[in-house]
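Just so it is clear: chains get the letters A, B, ... in the order the sequence lines come, proteins before strands, and each one is counted from 1.
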Amino acid sequence: MLDLRYVVDHLDEVQAALTRRSAAAAETLAPIAELGKKRRELIVAVETKAQQRNAANEAMAKADKKSPAFTEKREELKRLSTEIKEAEKGLAECEAEVQKLLAVVPNLPDASVPVGKGEEDNQVVRTWGEKPSFAFTPKEHVELGTALGILDFERAAKISGARFTVLFGAAARLERALISFMLDLHTREHGYTEVLPPFLVKDTALYGTGQLPKFEEDLFKTQKSDEGKAFDLYLIPTAEVPVTNLHAEEILDGAELPVAYTAYTPCFRSEAGSHGRDVRGLIRQHQFDKVELVRFTSPETSDAQHELLTSHAEEVLKRLKLPYRVSLLCTGDMGFGAQKTYDIEVFLPGQGQYREISSCSNYGDFQARRAQIRYRAEPKGKARLAHTLNGSALAVGRTLIAILENYQQADGNVVVPEVLRPFMGCEVIRGR
RNA sequence: GGAGAGGUGACCGAGUGGUCGAAGGUGCACGAUUGGAAAUCGUGUGUGCGGAAACGUACCAAGGGUUCGAAUCCCUUCCUCUCCGCCA
C-alpha cells in the first residue's frame, strides 16, 4: 500500500511514477488525495470537540454532583457527546473509503524498471549455462514422465480433476530430494533460517502481502461452517504469505536485520484467469511445491539485498547445472505489490524455450505498510517501515521438469544431477 | 466437543465508574558512584493520528452498548491456559 500522506502531499510525483505502470491505476490517485485532505479536516474537527468534552468532563469530576449547575452541564455534555459520535462516524467512513481505494492501488515501480506492456518488454540481464545438445529430438516432460511411469496425470484427474499430478517412485523422490537440496543450500550456505509455516491463513495475512482484496479469485478458500461459527481460511498461494506475516505488527530490532527465512510449502492457486494456458503437464497446477526465500531489510539496503536474494535463487540452478537467464520485468509485467522484479527462466529443451522458474521481488515498504512490519535502527530511535523481499528458490515442480528435459537420454531415461545423487541414491532414473 | 479460568505497556503485575496512558517491579538507555565492574542512587523509557512546534487526540484482545464520563458495567466475537473427551 502506498503512503496516504505521501500521496496527498506529492500527488503529481506519485501520479507520474504510477503512470509508468498503469494509467488506469494512476487515475485513482486524485480522488484518493481529495479524500485524504477531507480526512485531515475531519480529524481536526473531531479532536477539537473531543478536547472540549475532555476538559468539561474533568470539571464534572470535581463538581458537586447535587448542584443545579452539574445537571445543566450534564445536559450540555450529552449534546456535545452526541455530536462527537456523529463526527467520528463521518471520519470512520472517510477513513474506510480511502483505505478501500488505496488497498487496490499497485506499488510504484522502481526508477530502474523499464516501461512496457507485457512479457515482450522484459529485459534479459544475463544468461547462464550451455543449452544441452541432443543427438535426438528432446522430449517434453509429459512424454518422458509418463513413459517412465513416474508422472500420472490421468489418475490425478480422476482424484482431483484438471491441473493436478501424481508423482510416483523416482519423481516423488526427486521432488523430495530437490526440496531438501534447496533448503540445505539456503540454510547452510546462504544464511537463511528454515521455517515451516501454516498452509492455511487468515484473510488479514493475505491482505498484508497484497493478495487481498484484489485477487481473491486466484485463491482457494476453506468453508467449514457450523452453526454460525465460520472457519474461513485460505490455502496459501505461496509461502511468502505466512512467512512475511511472521513479523506483522512487530517492531524488529534493527541490529538483527536483514532477517532471512527460507520455507518449503505447497502452494495452492486457482489460477482463475489461466484457462487454456499450459494445460498439459505440470507447468501450471492448482497445487505445487516451492521453496521460498524471504528477507526483511532496511530501506537503504533493500536494493543490494534484492540482488543477493536473486543470486541465491540462481545458485540453485548453477548447482543443478541447468541453463537459465534472468530478466528484469517491465512495469506492465510486474506483480501488484512489487517495485522491482527479476524473473529467472530455465531452459526447457523439450519445449525449446525458457520458462519461469523463479520470481524475485523487492516490495519496498508496500507490504510492510499493510502488515505493519517495522524496525528500529537505533535503540531509542523511531520505528520505521521495513522493506520486504521474496523470491522462489525454486519452484520445485518446474525444477523437476527442467531436470527431466535437460538430463534426458536417448533411451528415455534421465540422469540425476550430481548434487542430487546423495538425496536420490541413484545416478539414473529408469522408471519407478 | 464438554467444564472452568483468563486476555492490561518490551516483560511480570496492580487497578470494579471520574484525579488512569495507566501503581509497583523487571528489563533497557543515560547520568552519578568506581581504577574498572557488580551492587547502589538519580533520570528517562509505548504506538498511531493531527500539528512546523507547543501540544492535542486515540489506543488496557477486537467490535458494539450503557453513561455527562468506561481498562473498570453489559453484549458479541476472537484468542490463550487447565481438566475431560476425541484424534495423527
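Residue A:Met1 contributes atom CE, which lies 13 Å from atom C1' of B:rG48 at whole-angstrom precision. If you measure from atom CD1 of A:Ile84 to atom P of B:rA70, you get 11 Å, rounded to the nearest angstrom. Atom CD in A:Glu249 sits roughly 18 Å away from atom P in B:rC78 (whole-Å rounding). In this structure, NZ of A:Lys89 is placed 16 Å from C1' of B:rG63, rounded to the nearest angstrom. When rounded to the nearest whole Å, the span between CG of A:Leu4 and C1' of B:rG48 equals 14 Å. Whole-Å rounding puts the A:Asp9 CG to B:rG51 C1' distance at 13 Å. Taking atom CD of A:Glu95 as the reference point, atom C1' of B:rU57 lies 13 Å away to the nearest angstrom. Distance, A:Asp253 CG to B:rU45 P: 20 Å, rounded to whole Å.
Under 4.0 angstrom from either OP1 or OP2 of B:rG50 there lies no side-chain N or O belonging to A:Lys37. Residue A:Asn54 places at least one side-chain N or O closer than 4.0 Å to OP1 or OP2 of B:rU57. Between A:Arg374 and B:rG48 there is a side-chain polar atom (N or O) within less than 4.0 angstrom of OP1 or OP2.
Taking the nucleotide of RNA chain B with the nearest heavy atom to each of A:Arg376 and A:Lys85, the more 5' of the two is matched to A:Arg376. Along RNA chain B, the nucleotide closest to A:Ile251 and the one closest to A:Thr48 are compared, and the more 5′ of them pairs with A:Ile251.
Heavy atoms only, all atoms of each residue included: A:Ile344 and A:Ala313 are closest at CD1-CB, 3.6 Å. Nearest heavy atoms, A:Val166 versus A:Arg155: CG2-C, 4.4 Å.
The CG atom of A:Leu206 lies 12.0 Å from the CZ atom of A:Phe215; values are rounded to the nearest 0.5 Å.
Of the residues in residues 39-47 of chain A, A:Arg39, A:Arg40, A:Ile43, A:Val44, A:Glu47 come within less than 4.0 Å of RNA chain B through at least one heavy atom, sorted by number.
Taking the P atoms as reference points, B:rA61 lies 15 Å from B:rG13, given to the whole Å. Using P as the reference atom, B:rG35 and B:rU47 are 38 Å apart when rounded to the nearest Å. One P atom belongs to B:rG2, the other to B:rU77, and the distance between them is 13 Å to the nearest Å. To the nearest whole angstrom, the two C1' atoms, one in B:rG7 and one in B:rC59, are 16 Å apart. Comparing the P positions of B:rU57 and B:rA22 gives a spacing of 13 Å, expressed to the nearest Å. A distance of about 30 Å separates the C1' atoms of B:rG50 and B:rU43, rounded to the whole Å. Going from the P atom of B:rA29 to that of B:rG46 covers 15 Å, rounded to whole Å. Nucleotides B:rG17 and B:rC12, compared at atom C1', are 27 Å apart to the nearest Å.
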Table please: side-chain donor-acceptor pairs of residues 253-262 of chain A below 3.5 Å, with sequence neighbours left out.
| residue | atom | partner | partner atom | Å |
| --- | --- | --- | --- | --- |
| A:Asp253 | OD1 | A:Ala255 | N | 3.0 |
| A:Tyr261 | OH | A:His247 | NE2 | 2.7 |
| A:Thr262 | OG1 | A:Glu292 | O | 3.1 |

Return all side-chain donor-acceptor pairs below 3.5 angstrom for residues 420-432 of chain A, not counting sequence neighbours, or 'none' if the list is empty.
| residue | atom | partner | partner atom | Å |
| --- | --- | --- | --- | --- |
| A:Arg421 | NE | A:Val416 | O | 2.8 |
| A:Arg421 | NH2 | A:Val416 | O | 2.9 |
| A:Arg432 | NE | A:Gly149 | O | 2.9 |

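Distance from the side chain of A:Arg5 is smallest to B:rG51 among B:rG51, B:rA58, B:rG46. Nearest nucleotide to the side chain of A:Asn57, out of B:rA58, B:rG48, B:rG69: B:rG69. Of all nucleotides listed (B:rG69, B:rG48, B:rG50), B:rG69 comes nearest to the side chain of A:Ser81. The nucleotide whose nearest atom lies closest to any side-chain atom of A:Leu77 is, among B:rG46, B:rC68, B:rA58, B:rC68.
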Given Watson-Crick and G-U pairs under 3.5 Å, RNA chain B in dot-bracket ([ ] crossing, | other strand) is ((((((((.[[[..)..(.....]]]((((((.......))))))(((((....))))).[[[[[..)....]]]]])))))))....
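Take A:Thr19 and apply the side chain to side chain donor-acceptor pair (under 3.5 Å) test, not counting sequence neighbours, and it matches no residue.
Relative orientation of the A:Phe164 and A:His286 rings is tilted, given thresholds of 30° and 60° on the angle between their planes.
Judged by distance alone, the side chains of A:Gln367 and A:Thr388 do bring a donor and an acceptor atom under 3.5 Å apart.
Residues A:Phe199 and A:Phe268 place their aromatic rings such that the two centres sit no closer than 6.0 Å.
Note on A:Arg53: only backbone sugar-phosphate atoms sit closer than 4.0 angstrom, heavy atoms only; bases stay farther off.
Between the A:Thr222 side chain and the A:Leu233 main chain, a donor and an acceptor come within less than 3.5 Å of each other.
Under the side chain to side chain donor-acceptor pair (under 3.5 Å) criterion, the residue pairs touching residues 26-44 of chain A are A:Asp9-A:Arg40, A:Arg39-A:Glu95, with sequence neighbours excluded.
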